[in-house]
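Comments concern the structure below.
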Amino acid sequence: MKRKKILVTGGAGYIGSHTCVEFINAGYEPIILDNFSNSKEFIPERIQEITGTKPRVIDLDCAAYESLLEAVKAEGNINGIVHFAAFKAVGESTRKPLDYYYNNVASTTSILKLMEALAIDNFVFSSSCTVYGQPDVLPVTEDSPIKAAESPYGRTKQICEDLIQDFYKAKEDLKAVSLRYFNPIGAHPSSLIGELPLGVPNNLVPYITQTAIGLRQNLTIFGDDYDTPDGTCIRDYIHVVDLAKAHVAALSYLEKSNNGLYDIFNLGTGTGNSVLEVVNTFEKIAQMKLNYTIGPRRQGDIVKVFADVSKSKNLLNWETKLSLIDALRDAWNWEKSLKTADIS
Ligand code: NAD
Ligand code: UD1
């Protein structure tokens, strides 16, 4: 049977590469659209090592609409688009806001224009739990109010969600979902793909694994005087493989609908873990003592957030299967497998 083609923007990136693997496993043909601004050219080969299939690659900037239209038209019938491509570093976005607005918002506009031009109906967008800020009620549901964004990055996600909704209102045959990811961590269990942070990581888990391997001297835990059981902040850490599978579930949800729709889903485990719990779990898995100290609070940090996942469970028929232990084990194996050539 002919495989349905899915265009995966940012498909060579961290979450996109894992999602390509799951689309291939589910019988689709993902086509990667990536300009490799934050990923490596060898990733499609790694996807082939895992699945036996090398995805085709369109090496273009999503915002380059005219070239994109020509290249995607040449691929023939596209069943849906999963749009990961974006810049994602919160700190950098405050220093380079124009780069973030251009790359994240112009790219999304261009991709939606492409959908209109080529009559592609199914659209899956990568959003973030950052849109909730510090929620008043936990676990946080999709109906919780959107809070003022803490950074230009966060604002681009809010703007893109609005953009998609406005496009849907104007074009009611569009079937689209925004997926609000909580904290993706871990790597593929094969250790062939994973997160490749550029420079000093901002996120907790890559900082932990780089400290354990000796690339960083010491992890600083940002504050232990919060109003939580052990005083450190709480997040909902989701294994990237579980997250990748949610995209297949979301696409299938759209395919099954006969009518246009726009919907929003939380993607998390439904459970919160503190920074100290993550560190202690890692120490058990790696069987080592991690160098860490308690430092001051990080500005803008949310105290605690974790997802209500009942909507995803009921409508997407998806829930996480992997644990924090699985995710930290896979992140650690991936770190140990990395060669200097991979990260330089
Ligand atoms: P990533 O940087 O690893 O992947 C993004 C990919 O998009 C990269 O391969 C990059 O080269 C590509 N890209 C960026 N701009 C492009 C453009 N204009 N044209 C073509 N390709 C472009 O990031 P990720 O962690 O895989 O995140 C994927 C998506 O999920 C992003 O939209 C991000 O904002 C969102 N998200 C990520 C997290 C997280 O913690 N990783 C959390 C919430 C939401
Ligand atoms: C980050 C992003 C957010 C995004 C979310 C999900 C920032 C400021 N925010 O937030 O936009 O939606 O990921 O991917 O980057 N920590 C330490 N020491 C460290 C690093 C982190 O103690 O060296 C703590 C943080 O204070 C936090 C927890 O670990 O309590 C998780 O931090 P991080 O991985 O940066 O994720 P988020 O803060 O959730």
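Everything numeric in this text was worked out from a predicted model, so none of it was measured. Both backbone and side-chain heavy atoms feed into the values below; hydrogens, waters and symmetry mates do not. One-based numbering, in listed order, for ligands and for the atoms of each.
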Stepwise side chain to side chain donor-acceptor pair (under 3.5 Å) check, D224 with T232 | CA-CA 5 Å; D224 70 347; T232 64; over 6 Å; no
Distance-only donor-acceptor check, side chains [X] and [Y], under 3.5 Å:
X: Y207; Y: T220; result: no
X: D308; Y: T141; result: no
X: S312; Y: N266; result: no

Could you check [atom] against the protein and tell me its nearest heavy-atom contact, residue, atom and distance included?
atom: atom 17 (C) of ligand 2; answer: F222 CD1, 3.3 Å
atom: atom 33 (P) of ligand 2; answer: N203 ND2, 3.5 Å
atom: atom 32 (O) of ligand 2; answer: R298 NH2, 3.5 Å
atom: atom 37 (P) of ligand 2; answer: R235 NE, 3.5 Å
atom: atom 5 (C) of ligand 2; answer: N183 ND2, 4.1 Å
atom: atom 4 (C) of ligand 2; answer: S128 OG, 3.9 Å
atom: atom 18 (N) of ligand 2; answer: T220 O, 2.8 Å
atom: atom 34 (O) of ligand 2; answer: L204 N, 2.9 Å

Apart from Y100 itself, residues in the same hydrophobic cluster as defined by side-chain heavy atoms under 4.5 Å = F87, V90, Y153
Under a 4.0 Å N-O cut-off, is there an ion pair linking [X] with [Y]?
X: D301; Y: R298; result: yes
X: K311; Y: D143; result: no
X: D263; Y: K175; result: no

Could you see which bit of T232 sits under 4.0 Å from ligand 2, with heavy atoms only: side chain, backbone, both or neither?
-> neither
Measure V90 to ligand 2 on non-hydrogen atoms and call it side chain, backbone, both or neither using the 4.0 Å cut-off.
-> side chain
Where ligand 2 meets [X] - atom numbers and elements under 4.0 angstrom, heavy-atom basis:
X: P184; result: 14 (O)
X: L219; result: 18 (N), 19 (C), 23 (O)
X: I221; result: 22 (O)
X: C233; result: 30 (O)
X: V275; result: 22 (O), 24 (C), 28 (C), 29 (O), 30 (O)
X: F182; result: 6 (C), 14 (O)
X: D301; result: 25 (C), 26 (O), 38 (O)
X: Y237; result: 28 (C), 31 (C)

Sorted by first residue and then second, give each side-chain hydrogen bond (donor to acceptor under 3.5 Å, both in side chains) pair with at least one member in residues 19-35; sequence neighbours left out.
-> Y28-E255, D34-S39, N35-S37
Close side-chain approach of L196 to Y14, heavy-atom, < 4.5 Å | no
Side-chain donor-acceptor contacts of residues 159-170 below 3.5 Å, not counting sequence neighbours, with atom names and distances?
residue, atom, partner, partner atom, Å
E161, OE1, R180, NH2, 2.6
E161, OE2, S127, OG, 2.6
E161, OE2, R180, NE, 3.0

About how many Å separate CD1 of I15 and CD of E195, when rounded to the nearest 0.5 Å?
-> 8.0 Å
Ligand 1 N/O to protein N/O, distances under 3.5 Å:
residue, atom, partner, partner atom, Å
ligand 1, 2 (O), N38, ND2, 2.7
ligand 1, 3 (O), Y14, N, 2.9
ligand 1, 9 (O), G13, N, 3.2
ligand 1, 9 (O), D34, OD1, 3.2
ligand 1, 9 (O), D34, OD2, 2.6
ligand 1, 9 (O), S39, OG, 2.7
ligand 1, 11 (O), D34, OD1, 2.7
ligand 1, 11 (O), S37, N, 3.0
ligand 1, 11 (O), S37, OG, 3.3
ligand 1, 11 (O), N38, N, 2.9
ligand 1, 11 (O), S39, OG, 3.3
ligand 1, 15 (N), N103, ND2, 3.0
ligand 1, 18 (N), D61, OD1, 3.0
ligand 1, 18 (N), N103, OD1, 2.7
ligand 1, 18 (N), S107, OG, 3.3
ligand 1, 19 (N), C62, N, 2.9
ligand 1, 21 (N), N35, N, 3.2
ligand 1, 21 (N), N35, OD1, 3.1
ligand 1, 25 (O), K88, NZ, 2.7
ligand 1, 26 (O), Y14, N, 3.3
ligand 1, 26 (O), I15, N, 2.8
ligand 1, 32 (O), F84, O, 2.7
ligand 1, 32 (O), K157, NZ, 2.8
ligand 1, 34 (O), Y153, OH, 2.7
ligand 1, 34 (O), K157, NZ, 3.1

How about H247 and F23: are their ring centres within less than 6.0 Å of each other?
-> no
Parallel, tilted or perpendicular, as decided by the 30° and 60° cut-offs, for the rings of W332 and F282 |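 Taking W332 first and then F282, their aromatic rings stand perpendicular (interplane angle over 60°).
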Test log, rule ring-ring contact (aromatic ring centres under 6.0 Å, His included), inputs F125 and F84 = CA-CA 7 Å; F125 176 66; F84 291 104; 9.6 Å; no
